[in-house]
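Note sheet for the following structure.
Counting starts at 1 for both ligands and their atoms, following the listed order. Because the structure is a prediction, the values reported are computed rather than measured. Side chains included, hydrogens not; waters and symmetry mates left out as well; all remaining heavy atoms used.
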Amino acid sequence: MARVYDPVIGGGGPAGLTAALYAGRAKLSAVLLERGLPGGQLLNTKDVEDYPGFEHVGGFELATLMTQHAQKFGCEIRTETVTRIWRDVGVEDPWWRWVVETESGEVYRAPTVILAAGGTAHKLGVPGEVEYAGRGVSYCAVCDGAFFEGERIAVVGGGDAACEEADFLTRYATKVYLIHRRGEFRAQKVIQERVLRNAKIEVLWDTVVKRIEGDERGVTELVLQGTRLPGGGYDFEGVGPLRRLAVTGVFVFIGFQPNTHLLAEHVEHDAGGYLVTDWRMQTSLPGLYAVGDVRSQLVRQITTAVGDATTAAIAVERYLTELRERRPVAGVSQPLREKYS
Ligand SMILES: Cc1cc2nc3c(=O)[nH]c(=O)nc-3n(C[C@H](O)[C@H](O)[C@H](O)COP(=O)(O)OP(=O)(O)OC[C@H]3O[C@@H](n4cnc5c(N)ncnc54)[C@H](O)[C@@H]3O)c2cc1C
């Protein structure tokens, strides 16, 4: 039997929890489906220093506060892994149109879905990366740059993000080594030029990180290796002698995978796979909203995630009001309930 809600919210990070709060406060019948503990990337963040109102707050503490706040306004939070989101175009009543399926076999139907499933930063996959995550290894310059004031750090990558963030990080670090496995960047020309002009950045071309080492305080050194083969071409596993680089931090920007694979149908997205929305956070499919890290936008922060979700929840409430007015029958007719339950 399908469970029916006004919005189904997929993902319980800052974006999903904020959507839940606003949906609950607007008296919508909302459910938030989260595969793990609610909080999203906050649960991987030791210190947050840029969330307004909190000079400093632990990620876990902020996640707990956001979860309690959403629950206070009545949103149901269920531990469920969403496996598929699709649009039942054959259904006559839009209230039953969106279908969300989960790993446990549950089926949810709703006129709207707010996708807040975030994404995953690509990892280097080298020894030390997991051990020193949050203790020198970072995937977010805006979030963690300020912790490296006056230090020597490294950035890994060769695209727009790596080059832009290396440049940004020179506000804090005295020296930034930009480690790239090829002999040329993939970044846009204008960004490359900014990097090459910046006297605080030293580019280590044709180089990969083999290991991240440290002590009880965090990262102290990277072990590097070349990638150029003597006869031409590359071996990205590394060739030739290992060398050491003393740094206290390493920022990894080698790609980010937004969690859009749950969508069964094509939805407009940008070159990076992030979902494109209008100003209401609605995607190219009516009734499907995208918020937070899964959405195409300039920066991905807690504040932007909660901002997106606020807009989406209020837009959903207005969309449902319009839908209700256009609906031929008040409530859900018995034949439909029997057909889709
Ligand atoms: C290490 C680190 C430190 C950071 N530090 C800061 C900081 O200091 N300040 C700042 O502003 N930003 C920081 N950020 C960025 C910030 O955390 C993100 O921008 C923000 O969490 C995005 O929120 P979100 O809700 O869109 O996505 P997420 O936080 O990624 O939440 C997505 C949620 O969806 C769930 N989900 C995914 N797939 C499914 C599925 N199939 N079914 C059910 N649930 C699913 C996930 O479990 C997760 O809980 C940091 C990020 C990282 C990685």
Side-chain angles (χ1 to χ4, degrees), residues 8-21 31-63 66-67 70 77-85 100-104 106 108 113-123 129-130 132-147 161 165 249-253 256-264 274-275 277 281 289-313:
V8 173
I9 301 163
L17 290 168
T18 305
L21 184 160
V31 66
L32 184 152
L33 307 178
E34 167 55 51
R35 63 185 171 187
L37 204 59
Q41 297 290 4
L42 293 181
L43 302 177
N44 302 322
T45 309
K46 198 167 149 274
D47 305 299
V48 177
E49 295 194 334
D50 51 10
Y51 193 67
F54 295 88
E55 273 180 35
H56 173 268
V57 61
F60 186 82
E61 185 189 350
L62 188 56
M66 284 188 178
T67 307
I77 298 179
R78 296 175 65 91
T79 307
E80 287 264 37
T81 300
V82 175
T83 49
R84 192 158 173 261
I85 299 171
V100 177
E101 296 172 0
T102 66
E103 208 169 70
S104 69
E106 291 281 5
Y108 296 79
V113 170
I114 301 177
L115 184 64
T120 316
H122 291 168
K123 306 287 187 292
E129 185 174 24
V130 174
Y132 293 105
R135 294 197 298 138
V137 177
S138 172
Y139 304 89
C140 180
V142 179
C143 315
D144 297 332
F147 298 122
E165 303 300 30
V250 52
F251 287 76
V252 181
F253 300 110
F256 187 91
Q257 187 62 50
N259 288 326
T260 56
H261 59 282
L262 307 169
L263 300 168
Y274 297 97
L275 299 177
T277 68
M281 304 297 144
Y289 295 74
V291 293
D293 279 11
V294 81
R295 186 172 88 86
S296 177
Q297 56 183 317
L298 182 64
V299 282
R300 290 181 182 82
Q301 289 283 280
I302 305 165
T303 47
T304 53
V306 304
D308 286 1
T310 306
T311 304

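At a heavy-atom cutoff of 4.0 Å, ligand 1 is contacted by the side chain of Asn259 but not by its backbone. With a 4.0 Å heavy-atom cut-off, ligand 1 is reached by no atom of Pro38. At a heavy-atom cutoff of 4.0 Å, ligand 1 is contacted by no atom of Val142, backbone or side chain.
Considering both main-chain and side-chain atoms, Val82 comes within under 3.5 Å of ligand 1 through a nitrogen or oxygen pair. The N/O atoms of Glu49, backbone and side chain alike, include none that comes under 3.5 Å of an N/O atom in ligand 1. On a distance-only criterion, Thr81 and ligand 1 share no N/O pair closer than 3.5 Å. Between Asp144 and ligand 1, a contact under 3.5 Å exists for no N or O pair. Of the polar atoms of Ala15, at least one N or O is found under 3.5 Å from an N or O of ligand 1, judged by distance alone. Considering backbone and side-chain atoms alike, Glu34 places an N or O below 3.5 Å from some N or O of ligand 1.
Regarding atom 27 (O) of ligand 1, its nearest protein heavy-atom neighbour is Gly118 CA, 3.5 Å. Regarding atom 31 (O) of ligand 1, its nearest protein heavy-atom neighbour is Gly13 CA, 3.4 Å. The protein heavy atom nearest to atom 39 (C) of ligand 1 is Arg35 CD, 3.7 Å. The closest protein non-hydrogen atom to atom 18 (C) of ligand 1 is Asp293 OD2, 3.4 Å. Atom 2 (C) of ligand 1 has Thr45 OG1, 3.6 Å as its closest protein atom, hydrogens excluded (heavy atom only). What sits closest to atom 30 (O) of ligand 1 on the protein, heavy atoms only, is Gln41 CG, 3.4 Å. For atom 9 (N) of ligand 1, the closest heavy atom belonging to the protein is Asp50 OD1, 2.9 Å.
Scanning all heavy atoms of the two residues, the minimum distance from Arg35 to Thr81 falls at CB-OG1, 3.2 Å.
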Exercise for review: Let me see the working for Val82 and Leu115 under side-chain contact (heavy atoms from CB on, under 4.5 Å), right down to the final yes or no.
Suggested key: CA-CA 10 Å; Val82 175; Leu115 184 64; over 6 Å; no
**Study point:** side-chain hydrogen bond (donor to acceptor under 3.5 Å, both in side chains) between Gln297 and Asp308, worked out
**Key:** CA-CA 10 Å; Gln297 56 183 317; Asp308 286 1; 3.0 Å; yes
Practice item. Kindly indicate, with the supporting measurements, whether the criterion side-chain contact (heavy atoms from CB on, under 4.5 Å) is fulfilled by Val48 and Phe54. Key: CA-CA 8 Å; Val48 177; Phe54 295 88; over 6 Å; no
Practice item. Decide yes or no on side-chain contact (heavy atoms from CB on, under 4.5 Å) for Lys123 and Tyr139, but give the supporting numbers first. Key: CA-CA 9 Å; Lys123 306 287 187 292; Tyr139 304 89; 3.2 Å; yes
Point to revise | Full working for side-chain contact (heavy atoms from CB on, under 4.5 Å) between Met66 and Leu42 | key: CA-CA 10 Å; Met66 284 188 178; Leu42 293 181; 4.0 Å; yes
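Checking side-chain atoms of Lys46 against main-chain N and O of Asn44 turns up no donor-acceptor pair under 3.5 Å. Panel note: side chain Asn259, backbone Ala117; a donor-acceptor pair is recorded below 3.5 Å. Between the side chain of Thr83 and the backbone N or O of Glu101 there is at least one donor-acceptor pair closer than 3.5 Å. Checking side-chain atoms of Arg295 against main-chain N and O of Arg300 turns up no donor-acceptor pair under 3.5 Å.
Short contacts between ligand 1 and Gly11, defined as distances under 4.0 Å to a heavy atom of the residue, involve ligand atoms 34 (O), 35 (C), 44 (N). Listed by number with element, the atoms of ligand 1 under 4.0 angstrom from any heavy atom of Gly292 are 26 (O). Listed by number with element, the atoms of ligand 1 under 4.0 Å from a non-hydrogen atom of Asn44 are 1 (C). Atom numbering of ligand 1 starts at 1 in the shown order; those under 4.0 Å from a heavy atom of Leu262 are 41 (N). With ligand atoms numbered from 1 in the order given, ligand 1 contributes 43 (C), 44 (N) to contacts under 4.0 Å with heavy atoms of Leu33. For ligand 1, the atoms lying closer than 4.0 Å to a non-hydrogen atom of Ala116 are 32 (C), 33 (C), 34 (O). The Arg300 neighbourhood of ligand 1 comprises atoms 15 (C), 19 (O), with distances under 4.0 Å to a heavy atom of that residue. Remark: ligand 1 atoms within the under-4.0 Å shell around heavy atoms of Glu80 are 42 (N), 43 (C).
Within the 4.5 Å cutoff, the side chain of Tyr289 has no heavy atoms near those of the Val113 side chain. You'll find the side chain of His56 reaches within 4.5 Å of the side chain of Asp47, heavy atoms only. A heavy-atom distance below 4.5 Å is not found between the side chains of Val250 and Tyr132. Residues Cys143 and Thr45 fail the side-chain proximity criterion, which asks for heavy atoms closer than 4.5 Å. The closest side-chain heavy-atom distance from Thr303 to Asp50 is not below 4.5 Å.
Using a non-hydrogen distance threshold of 4.0 Å, Gly12 registers as a contact of ligand 1.
For atom 16 (C) of ligand 1, the candidate residues are Leu115, Asp47, Ile302; the nearest heavy-atom contact is made by Ile302. Heavy-atom proximity to atom 14 (N) of ligand 1, evaluated over Pro14, Cys143, Gly134, is greatest for Cys143.
Counting heavy-atom neighbours within 6.0 Å of Phe60 CZ, excluding the residue itself, gives a total of 12 or less.
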